[in-house]
Amino acid sequence: MSADEIRLEDLNPEIFIQEQCEAISKEVGDATAVNALSGGVDSSVVTLLAHRALGDRLKTFFIDNGIMRQGEPQRVVSTIRECGAAVQLVDAQDEFFDALKGKNDPEEKRQAITDTFYKSVFSRLVKASGSRHLLQGTIYTDVEETIAGIKRQHNILAQLGIDTAKEYGYKVIEPLVRLRKPAVRAVGKALGLPETIYNRPPFPGPALVARVIGEATRERIALVRQATAIVEQELAGMNAFQCLAILHQDRIPGMRNGKRDYGLQIEVRCWDSKDAVTASPTRLPFEVLEKLAARMTSEVPGVVSVTYNIATKPPSTMEAV
Ligand code: XMP
């Protein structure tokens with residue numbers, strides 16, 4: 001492990017911000033730096049930290065991959081702009097959908113998203129910017145999980161012995177690498193991020209693709225996006241850890257206008273959990289489930305079946321892909 005953890009109880013957010021701004025300024029000097037903003041807590045905190053250190057010498061890109069929730073790209077970009085940082089919105093939807101074409105396997109879908117992001121879109125933006133410094137929101141847990149072999153986080157390069165300056169011509173700066181998520185949230189709050197960002201519920205990197213069984217086409221993502229908006233609206237007051245909608249692949253027999261109609265199936269999941277390691281389904285009132293079913297079948301085109309997942313994690317996972 002490169003550096004020791006700064007525990008939440010030992011963190012003074014103001015001092016941390018000051019020290020990291022100084023370190024970023026020293027490292028970058030008079031040059032420019034780039035970073036990618038996703039709207040998650042880590043990348044939002046990095047954006048504001050680096051903006052404080054570098055001002056308009058920081059170039060921040062928000063890559064619209066076409067697989068986010070309703071209105072999410074515009075909402076994230078305008079929120080961060082309101083905090084003072086300049087953000088460029090890059091429309092890369094076609095590239096992501098091209099890469100996902102014909103892919104049914106969960107791991108292949110995840111890989112297609114990672115490759116399109118790093119090898120195609122972001123690397124092109126970094127090269128075009130001429131910057132030699134790249135800021136990333138790697139946190140302590142990412143390093144731990146990579147070293148333990150649990151997850152191969154794409155943002156861990158130095159820890160894997162990869163010299164980015166030598167291999168790619170740029171240096172990676174990771175200001176949050178000594179913090180875990182609660183400490184990152186505290187820094188985000190001190191930086192003036194709105195609570196909707198620093199306390200944001202988890203959302204997977206592969207976004208809505210993690211909630212489509214089978215091929216994630218533009219049309220099928222649009223359906224799960226609509227279903228997700230309904231679930232998030234209806235379950236907002238339930239205090240759940242996370243709630244989501246999944247679009248299944250099977251066609252389900254149903255009835256429409258007095259005729260047999262093979263329609264779509266949406267599965268709703270709503271989780272109680274502390275840390276996402278284990279989770280159990282929230283005991284939702286039946287009236288809430290009925291309202292979900294009524295809205296899904298009337299508002300999401302083609303839906304004839306709505307189910308609620310009652311299995312725990314493990315053996316289930318929280319997402320479907
Ligand atoms: P699972 O499905 O593994 O999810 O039980 C546990 C938690 O992690 C989130 N999740 C992800 N987060 N990239 C992420 O940043 C991913 O690829 C990813 N997959 C799952 C999930 O939403 C849940 O909170």
Side-chain angles (χ1 to χ4, degrees), residues 35-47 62-63 65-69 72 76 96 99-100 103 105-118 122 136-146 148-156 174 176-177 179-182 184-185 188 197-213 216 221 224-225 227-229 231-232 235-236 238-248 267-282 308-321:
N35 81 311
L37 168 72
S38 69
V41 186
D42 308 336
S43 73
S44 301
V45 169
V46 164
T47 303
F62 182 100
I63 296 168
N65 51 16
I67 53 178
M68 302 209 181
R69 286 168 291 186
E72 200 166 15
V76 169
F96 280 89
L100 286 164
K103 297 208 166 55
D105 178 75
E107 280 314 309
E108 277 184 28
K109 292 197 291 186
R110 280 173 174 267
Q111 196 62 45
I113 294 164
T114 307
D115 288 349
T116 307
F117 183 88
Y118 281 96
F122 193 44
Q136 279 203 328
T138 316
I139 68 171
Y140 195 80
T141 333
D142 298 335
V143 181
E144 258 182 347
E145 288 182 344
T146 302
I150 298 170
K151 265 199 241 174
R152 162 90 150 80
Q153 296 281 352
H154 38 240
N155 45 4
I156 307 294
E174 297 171 318
L176 309 181
V177 77
L179 308 182
R180 286 182 199 271
K181 196 67 98 189
V184 179
R185 294 192 200 277
I197 301 245
Y198 75 74
N199 256 345
R200 207 172 185 238
F203 187 64
L208 295 175
V209 170
R211 299 171 182 182
V212 169
I213 313 279
I221 287 290
V224 88
R225 177 178 291 125
T228 303
V231 166
E232 290 189 354
L235 303 184
M238 296 295 144
N239 258 332
F241 180 84
Q242 202 171 2
C243 58
L244 50 120
I246 293 160
L247 175 63
H248 280 263
E267 175 188 340
V268 175
R269 294 184 181 182
C270 183
W271 296 109
D272 289 337
S273 177
K274 275 201 175 61
D275 50 15
V277 178
T278 60
S280 54
T282 307
Y308 183 53
N309 172 66
I310 50 169
T312 56
K313 173 183 179 175
S316 176
T317 55
M318 295 170 84
E319 303 286 347
V321 167

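Start at 1 and go down the list; that is how both ligands and their atoms are numbered.
- Proximity annotation for atom 3 (O) of ligand 1: of Arg211, Arg269, Lys313, Glu319, Lys313 comes nearest, heavy atoms only.
- Annotation: Gly205 places an N or O atom under 3.5 Å from an N or O atom of ligand 1; distance criterion only.
- A salt bridge links Arg200 and Glu72; the closest N-O separation between the charged side-chain nitrogens and carboxylate oxygens is under 4.0 Å.
- Residue-environment remark: CG (Asn239) stays at or below the threshold of 12 foreign heavy atoms within 6.0 Å.
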Decide side chain to side chain donor-acceptor pair (under 3.5 Å) for Ser38 and Ser43; before the verdict, give the C-alpha distance in whole Å, the side-chain angles of both, and the deciding distance to 0.1 Å.
-> CA-CA 6 Å; Ser38 69; Ser43 73; 3.2 Å; yes

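- Seen from the ring of Tyr308, Arg269 does not count as a face-on cation partner, given the 6.0 Å and 45° thresholds.
- Residue Met318 has at least one N or O atom closer than 3.5 Å to an N or O atom of ligand 1.
- At a threshold of 4.0 Å, the pair Arg180-Glu144 counts as salt-bridged, since one of the basic side-chain nitrogens sits closer than that to a carboxylate oxygen.
- In this structure, Ala210 has no heavy atom closer than 4.0 Å to ligand 1.
- Selection from Pro201, Pro206, Gly40, Ser316 by nearest heavy atom to atom 16 (C) of ligand 1 gives Pro206.
- Contact annotation: for Pro204 versus ligand 1, heavy atoms closer than 4.0 Å belong to both the backbone and the side chain.
- For ligand 1, the polar-atom distance check against Arg110 finds a nitrogen or oxygen pair separated by under 3.5 Å.
- Although no hydrogens or angles enter the test, the distance criterion places no donor-acceptor pair under 3.5 Å between the side chain of Trp271 and the main chain of Cys243.
- Residue contact check: Pro202 has heavy atoms under 4.0 Å from atoms 24 (O) of ligand 1.
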